[in-house]
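Heads up, the thing below is written out as structure tokens.
The analysis underlying the following values was restricted to heavy atoms, covering all of them including side chains, and did not include hydrogens, waters or symmetry mates.
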Amino acid sequence: MGEKRLDERLSDEELELFVQYLHRFANHDVDIFLNLEVGDPDSPVYVMFGRDYPPVGDASDYRRPFADRRRAAPESDINDGG
């Protein structure tokens, strides 16, 4: 992957794909924890992935991207014939 567009913001579509890939990455590649340094070497961003609970800080400080667009769970339960 080239670095030709690192100085540009992600489009809405790219951001949505990134979050989808991030979910897949977290589900399949993060065993217990993973710490990364990414971005501009002169001003890096430190990213911590972990399965520790409780998370660092308050759980309410974390937000789930695009959560407002998730489908609500069906009201009926398979066990009630619904």
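Hydrophobic clustering, with ILVMFWY side chains joined whenever heavy atoms are under 4.5 angstrom apart, groups Val30 together with Val38. There is no path of hydrophobic side-chain contacts, each under 4.5 Å, that joins Val19 to Leu17. When hydrophobic clusters are built by joining Ile, Leu, Val, Met, Phe, Trp and Tyr residues whose side-chain heavy atoms come closer than 4.5 Å, directly or via intermediates, Phe25 is grouped together with Val45.
Of all non-hydrogen atoms in Arg9 and Glu14, the two that sit nearest each other are O-OE1, 4.0 Å. For the residue pair Asn35 and Phe49, the shortest heavy atom distance occurs at OD1-N, 4.5 Å.
Applying the side-chain contact (heavy atoms from CB on, under 4.5 Å) criterion to Phe18, with sequence neighbours excluded, gives Leu10, Leu15, Leu22. Partners of Glu37 by salt bridge (charged side-chain N to carboxylate O under 4.0 Å, His left out), not counting sequence neighbours: none found.
Applying the 6.0 Å contact sphere to CG of Asp31 captures no more than 12 heavy atoms from other residues, nucleotides or ligands.
Taken to the nearest 0.5 Å, the CG atom of Asn27 stands 8.0 Å off from the NE2 atom of His23.
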